[in-house]
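Here is the structure we will look at, set down as structure tokens.
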2 protein chains.
Amino acid sequence: MELLGERWTVLVLRELAYGPRRFYELKEDIAGISANVLAQRLSELESRKLVRRAKLPPPASIQVYEATEWGLEVVPLIASLGRWAARSPWHDPARRRSHVSVIMSFQTLISAARAEGLRARIGFHFGDVSYVATINHGRLDVERGPTEDCDLEFRGAPNEVSAVVLRGARFETIEVKGDMELAKRFVTLFPLPPKIG
Amino acid sequence: MELLGERWTVLVLRELAYGPRRFYELKEDIAGISANVLAQRLSELESRKLVRRAKLPPPASIQVYEATEWGLEVVPLIASLGRWAARSPWHDPARRRSHVSVIMSFQTLISAARAEGLRARIGFHFGDVSYVATINHGRLDVERGPTEDCDLEFRGAPNEVSAVVLRGARFETIEVKGDMELAKRFVTLFPLPPKIG
DNA sequence: CCGTATCCAATAAGATACTG
DNA sequence: CAGTATCTTATTGGATACGG
């Protein structure tokens, strides 16, 4: 609790799950956090060795925050807590979510059995951030980066893409291109865990 | 975070991991919590359906708090968070711990490889609370209850027992009785995860 | 863009006392 | 024993403004 117990701390760390981010990205993607609290949380995380400041190589040369190895090790637990918590009767999938949170839920919810034998590269575009997800041996491996050589691409706001992938919203509500047969199968790979009471 | 995010909430839920408890037990075992905060946390947990009030069957007929099924499902994640957090450079094993926390760390830290092929029943006495742990197929199954038919028994304060089992403190610092060869092997089954920095 | 400084408001917690 | 009521204090978070 001393490492992760204060308000916002877990959410900040989660945003660093797929690589370094800059201050204003974090501020924008963590709905409702204020600059001073974000600064404080980052410095606490830094002093606890869960996060470190890094400088991107030239020509970018900007300062970013990245999770340490140890910090990254707790990320799967955070993801599992998310899956558990989403079963709450009061969970609201319409709440605005960050792209990190959406991608993480894909990774957490994929059914190895349903993805059996499937191999595919799938790209996601959320505004100016993109991810490539590789399905392999029933797992979904994800990294941030350009969606080159993908069999299928989704583009839209995180919530909308999530609604299509997890909850069967119509493809027309976002932008889907590439192998549409794959798309139809892909959105069946994510069984939602049973709701409570 | 809305389900478990406030201060004390996780600690309260953890105390219910091995069965129902009464109010004053929780108050005594959660170091530093005050009665009003505990009452508030319990009622929040109840309204969120992680905990329910129950009445023990006669002749006890006392009121207790117990975790719901759903509440119990998050306990292994709490345990894993504990293992992760104990690697912190600032983790202090001398801090006073509850018997629940100690038992849970045994369950979490046992090495399946080292316990390979071992079968045993081991009892633990902490004041007036006792547990029986069964080693089987590399796992440690635990339940609260009388230590009947155990091959080995430990008795002492939670911290002291933990020091013996996890950190190789001398048997003489607590009370150990039964199969002493088993005892010597038992305390080798729990490799501590590597420290950070 | 990346924070820091300042201030104010809300709230949450601790201590204590008290009651069925 | 199992809480509730009350009070006081400490913390923290949100808003805003500002500077490198």
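A, B, ... follow the sequence lines: proteins, then strands. Residue 1 opens every chain.
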Atom [atom1] of [X] and atom [atom2] of [N]: how far apart are they, to the nearest Å?
X         : N       : atom1 : atom2 : answer
Arg7(B)   : dA12(C) : CZ    : C1'   : 8 Å
Glu6(A)   : dT12(D) : CD    : P     : 7 Å
Leu38(A)  : dA15(D) : CG    : P     : 14 Å
Leu56(A)  : dC1(C)  : CG    : P     : 16 Å
Lys55(B)  : dC1(D)  : NZ    : C1'   : 14 Å
Ile30(B)  : dG3(D)  : CD1   : C1'   : 15 Å
Asp128(A) : dC1(C)  : CG    : P     : 11 Å
Asn36(A)  : dA5(C)  : CG    : P     : 11 Å

Next on the checklist: By nearest atom, which of the nucleotides dT4(D), dG3(C), dG14(D) is closest to the Tyr65(A) side chain?
Outcome noted: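 Among dT4(D), dG3(C), dG14(D), the one nearest the side chain of Tyr65(A) is dG3(C).
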Checklist entry - Counting side-chain heavy atoms from CB outward, which of dG3(D), dG14(D), dG3(C) is closest to Ala35(B)? => result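 In terms of side-chain proximity for Ala35(B), the closest of dG3(D), dG14(D), dG3(C) is dG3(D).
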Under a 4.5 Å cut-off applied to non-hydrogen side-chain atoms, are [X] and [Y] in contact?
X         : Y         : value
Leu42(B)  : Leu26(B)  : yes
Val74(B)  : Leu3(B)   : no
Phe124(B) : Val129(B) : no
Lys49(B)  : Trp90(A)  : yes
Val75(A)  : Met104(A) : yes

Checklist entry - Where the side chain of Asn159(A) meets the backbone of Ala94(A), is there a donor-acceptor pair that is under 3.5 Å apart? => result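 Such a contact is found between Asn159(A) side chain and Ala94(A) backbone.
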Checklist entry - So, is Gln63(B) near the phosphate of dG3(D), with a side-chain N or O under 4.0 Å from OP1 or OP2? => result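 Checking dG3(D) against Gln63(B), a side-chain N or O does come within under 4.0 Å of OP1 or OP2.
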Next on the checklist: It should be established whether Arg41(B) places a side-chain nitrogen or oxygen under 4.0 Å from OP1 or OP2 of nucleotide dA12(C).
Outcome noted: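 No.
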Checklist entry - Among residues 47-54 of chain B, which residues get a heavy atom nearer than 4.0 Å to DNA chain D? => result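 Correct list: Arg53(B).
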Checklist entry - Which of parallel (below 30°), tilted (30 to 60°) and perpendicular (above 60°) describes Tyr18(B) and Tyr131(B)? => result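 Perpendicular: the ring planes of Tyr18(B) and Tyr131(B) meet at over 60°.
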Next on the checklist: Just by distance, no angles: are the side chains of Glu44(A) and Thr9(A) close enough, under 3.5 Å, to form a donor-acceptor pair?
Outcome noted: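 No donor-acceptor contact under 3.5 Å links the two side chains.
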Item to check | Residue-level proximity of residues 17-29 of chain A to DNA chain C when a heavy atom falls under 4.0 Å | outcome: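 Those residues whose heavy atoms fall under 4.0 Å from DNA chain C, taken from residues 17-29 of chain A in numerical order, are Arg22(A), Phe23(A), Tyr24(A).
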Checklist entry - Pick from Lys27(B), Arg21(B), Arg22(B): which one makes a salt bridge (charged side-chain N to carboxylate O under 4.0 Å, His left out) with Glu25(B)? => result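 Result: among Lys27(B), Arg21(B), Arg22(B), Arg21(B) is the only option passing the salt bridge (charged side-chain N to carboxylate O under 4.0 Å, His left out) with Glu25(B).
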